[in-house]
Each structure stands twice: as structure tokens, then as C-alpha cells.
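No hydrogens, no waters, no symmetry mates; every other heavy atom, side chains included, goes into these values. As the structure is a computational prediction, the values presented were derived from the model and not from experiment.
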Amino acid sequence: MSAGTALIVGASRALGLALATEYARRGWDVIGTVRGDQRTGLHDLADASDGHVTVESLDMTEPEQITALRARLAGRTLDLLFVNAAIARGNIPVGEVPTEMFVEVMVTNALSPMRMVESFRSLVTPTGTIGVMSSRQGSLSQNTNGGQDVYRASKSALNQLMRSYAARYADAAHTLLLMCPGHVRTELGGPDAPLTIDQSIPGVVDTIERHRGEPGLQYLNYQDQPVPW
């Protein structure tokens with residue numbers, strides 16, 4: 001299929017920056033978001049892109065910033081909306097987690113991505129793709145080890161919210177994807193993770209592209225394998 005325009009939310013570094021880089025390499029026009037006004041790797045990518053990569057400022061946990069970005073992009077048409085953003089805040093048993101930390105993780109990992117999806121869905125072409133970065137740790141059936149309680153719960157909540165979204169817009173033709181990048185060597189994944197970013201992200205993009213034009217929701221990993229709910 002031909003390339004298109006992608007909005008990648010959370011593209012300043014690690015997985016998000018790699019996604020933006022991979023899509024740009026494949027000939028897409030990429031709009032990537034960063035938090036704050038610090039220079040990031042996305043700015044470097046944009047500078048070298050001949051205008052095919054642009055940078056927008058967004059903290060998606062601030063609803064007014066979502067509204068402002070939606071207004072700035074009102075004239076654009078998206079073939080892909082992909083929300084990549086997550087925090088963990090440590091491996092703490094849930095009974096010891098401060099309320100403020102629980103709220104922060106849930107708002108960042110579950111509520112804010114869905115606010116982005118709801119706000120920007122009308123910019124996505126009728127047969128375009130809406131994806132969010134989930135995790136195998138969001139799977140209820142595969143949680144046999146415990147640990148990372150709040151992070152797991154936030155990704156499970158994200159999965160559930162996407163299922164509700166898919167049911168609410170069941171008549172729409174959008175491809176809806178919950179993507180699992182695998183256990184990747186990032187700040188979140190840790191230095192002992194088995195995958196590098198370069199081993200994960202091309203597979204994520206291949207999987208997204210393979211399912212372009214397929215209506216409905218799927219929960220898939222970077223090798224295009226279904227993840228048990």
C-alpha cells in the first residue's frame with residue numbers, strides 16, 4: 001500500500017521516536033508530538049526530513065492541550081493515529097502505592113490515550129488506522145507472575161477502554177490495534193530486556209501496515225501474533 005500521513009503521539013525518544021523514524025523511512029509524512037520545549041531526537045529527525053516530519057508540542061494529560069492540537073490540525077487528514085505513551089513509576093505492591101501515583105499512571109497510560117483517540121478519530125480517514133501502544137502486561141490471562149501491579153492495571157484498563165470504544169463505533173471501518181512491542185530495552189523495559197528497539201519497531205510497523213483496511217479491534221504483538229486477553 002502507498003504511504004500516508006501519521007500522527008504519532010509521544011515521539012520524542014525510545015519507541016515513539018523509532019516509530020516516527022521508521023514511518024519516515026518508509027515515505028510517510030509524520031506529525032510527532034513531544035512534551036515541553038526541550039530539543040529532542042524528533043527535532044533532529046524533522047530537520048533531516050525535507051519537510052516530511054513535523055513536531056508538535058503536547059502533554060496529553062492536559063485536556064486543553066489536546067483541544068489546542070486538535071484545532072491546529074483541523075485541516076489535516078490522517079491515515080494513522082498512533083498513541084505511544086506510558087509511565088511505570090516502579091515495581092511497588094498495589095497496597096503500598098500512593099494514591100497520587102496510582103492516579104498519575106492511570107491518567108497517563110489509560111485515560112489520556114483514549115482522550116486522544118476520541119478527539120482525533122474524525123481526522124482519520126474512513127479506512128484508516130487507530131492504534132495505541134499496549135503491552136503483554138495488560139493481558140489478564142498471561143499474568144502468572146504478578147509484579148508491576150499498577151502498570152499492568154493501567155494497560156489492562158487501556159485494553160478494556162479500547163474494547164468499549166470499538167463497541168461504541170462498531171459501524172465504523174477504522175482498523176483498531178492494541179500493539180505490544182515486546183520486552184524492549186528502554187528506560188521502561190530495563191537494560192536486561194531481550195529485544196532492542198531496532199528488533200521491535202520494524203515489526204510493529206509491519207504489523208500495523210499488514211492490517212490496514214481491516215475493520216475492528218485486534219490485540220497483537222510485534223510479530224503479528226494475537227495476544228490473549
Side-chain angles (χ1 to χ4, degrees), residues 6-20 23 30-36 42 56-70 73 78-89 101-124 128-140 148 150-169 172 174-181 184 186-189 200-201 204-205 207-208 211 216-222 227 229:
L7 171 59
I8 300 176
V9 179
S12 63
R13 60 191 178 89
L15 298 180
L17 177 58
L19 277 170
Y23 272 104
V30 177
I31 307 162
T33 76
V34 302
R35 286 196 303 171
L42 185 65
E56 290 282 354
S57 178
L58 173 71
D59 180 346
M60 70 174 181
T61 66
E62 300 291 341
E64 64 275 13
Q65 292 195 27
I66 294 177
T67 301
L69 179 61
R70 177 63 177 76
L73 299 183
L78 306 174
D79 299 283
L80 170 67
L81 165 64
F82 195 91
V83 185
N84 167 70
I87 57 174
R89 296 294 184 256
M101 182 185 294
F102 184 88
V103 171
E104 180 191 20
V105 174
M106 285 292 181
V107 168
T108 302
N109 295 2
L111 177 59
S112 297
M114 295 311 302
R115 283 176 168 163
M116 285 297 306
V117 169
E118 292 278 11
S119 180
F120 283 81
R121 66 178 301 274
S122 61
L123 296 187
V124 180
T129 301
I130 298 173
V132 295
M133 193 71 88
S134 185
S135 169
R136 181 178 177 274
Q137 293 195 60
S139 168
L140 297 178
Q148 295 289 350
V150 179
Y151 179 77
R152 285 182 187 272
S154 71
K155 289 300 186 180
S156 295
L158 176 63
N159 293 352
Q160 185 70 277
L161 291 169
M162 276 293 283
R163 289 200 81 156
S164 293
Y165 174 90
R168 184 162 58 256
Y169 297 109
H174 287 149
T175 301
L176 305 176
L177 297 174
L178 289 158
M179 286 303 309
C180 301
V184 185
T186 62
E187 183 179 341
L188 192 63
S200 166
I201 290 302
V204 169
V205 175
T207 299
I208 294 170
H211 294 278
L217 176 64
Q218 297 184 73
Y219 185 17
L220 302 170
N221 69 15
Y222 73 104
V227 180
W229 293 87

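- Between Tyr219 and Ser139, the shortest heavy-atom distance links the atoms OH-N, 3.3 Å.
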Item checked: Worked verdict on Leu81 versus Thr129 for side chain to side chain contact (heavy atoms under 4.5 Å, CB included) -> CA-CA 6 Å; Leu81 165 64; Thr129 301; over 6 Å; no

Next item on the list: Mind running side chain to side chain contact (heavy atoms under 4.5 Å, CB included) on Met133 and Leu19 for me, showing each step along the way?
Entry: CA-CA 11 Å; Met133 193 71 88; Leu19 277 170; 4.0 Å; yes

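- Residues Glu118 and Arg70 are not paired through a salt bridge, judged by the lack of any N-O separation under 4.0 Å between the basic side chain and the carboxylate.
- With no hydrogens or angles considered, no side-chain donor-acceptor pair links Thr108 and Arg89 at under 3.5 Å.
- Counting heavy atoms from C-beta on, the side chains of Ile130 and Tyr165 come closer than 4.5 Å.
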Next item on the list: Determine, stepwise, if the pair Leu69 / Thr33 fulfils side chain to side chain contact (heavy atoms under 4.5 Å, CB included).
Entry: CA-CA 10 Å; Leu69 179 61; Thr33 76; 4.1 Å; yes

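- Of all heavy-atom pairs spanning Ile208 and Leu80, the tightest one is CG2-CD1, 4.2 Å.
- Rounding to the nearest 0.5 Å gives a distance of 7.0 Å between CG of Leu123 and CG of Leu73.
- Here the straight-line distance linking atom OG of Ser200 with atom CE of Met179 works out to 8.0 Å at 0.5 Å rounding.
- The backbone N or O of Asp59 sits nowhere less than 3.5 Å from a side-chain atom of Arg35 that would complete a donor-acceptor pair.
- Atoms CE and CG, from Met60 and Leu111 in turn, are 9.5 Å apart once rounded to the nearest 0.5 Å.
- Applying the 6.0 Å contact sphere to OH of Tyr169 captures more than 12 heavy atoms from other residues, nucleotides or ligands.
- When every heavy atom of Leu58 is checked against every heavy atom of Ile66, the shortest pair comes out as CD1-N, 3.8 Å.
- Interatomic distance, Leu220 CG to Leu178 CG, rounded to the nearest 0.5 Å: 8.5 Å.
- Side chain of Asn84 to backbone of Gly10: a donor-acceptor contact under 3.5 angstrom is found.
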Next item on the list: With side chain to side chain contact (heavy atoms under 4.5 Å, CB included) as the test, would you mind laying out the steps for Ser154 and Phe102 before giving the verdict?
Entry: CA-CA 9 Å; Ser154 71; Phe102 184 88; over 6 Å; no

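- Heavy atoms of other residues, nucleotides or ligands lying less than 6.0 angstrom from CZ of Arg136 number 12 at most.
- To the nearest 0.5 Å, the span separating CG on Asn159 from CG on Leu217 amounts to 8.5 Å.
- Leu176 is not listed as a side-chain neighbour of Gln218, based on a closest heavy-atom distance of 4.5 Å or more.
- Between Met162 atom CE and Met114 atom CE the span is 5.5 Å, to the nearest 0.5 Å.
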Notebook entry, point to check: Could you go step by step and tell me if Asn109 and Tyr151 meet the side chain to side chain donor-acceptor pair (under 3.5 Å) rule?
Noted result: CA-CA 8 Å; Asn109 295 2; Tyr151 179 77; 5.8 Å; no

Note to self: With salt bridge (Lys or Arg N to Asp or Glu O under 4.0 Å) as the criterion, how do Glu62 and Arg115 come out once you've worked through the C-alpha distance, each side chain's angles and the decisive distance to 0.1 Å?
What the structure shows: CA-CA 10 Å; Glu62 300 291 341; Arg115 283 176 168 163; over 6 Å; no

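- Residue Cys180 comes nearest to Val227 through the heavy atom pair SG-CG2, 3.7 Å, listed as atom of the first residue, atom of the second, then distance.
- Of all heavy-atom pairs between Leu15 and Pro181, the closest is CD1-CG, 3.9 Å.
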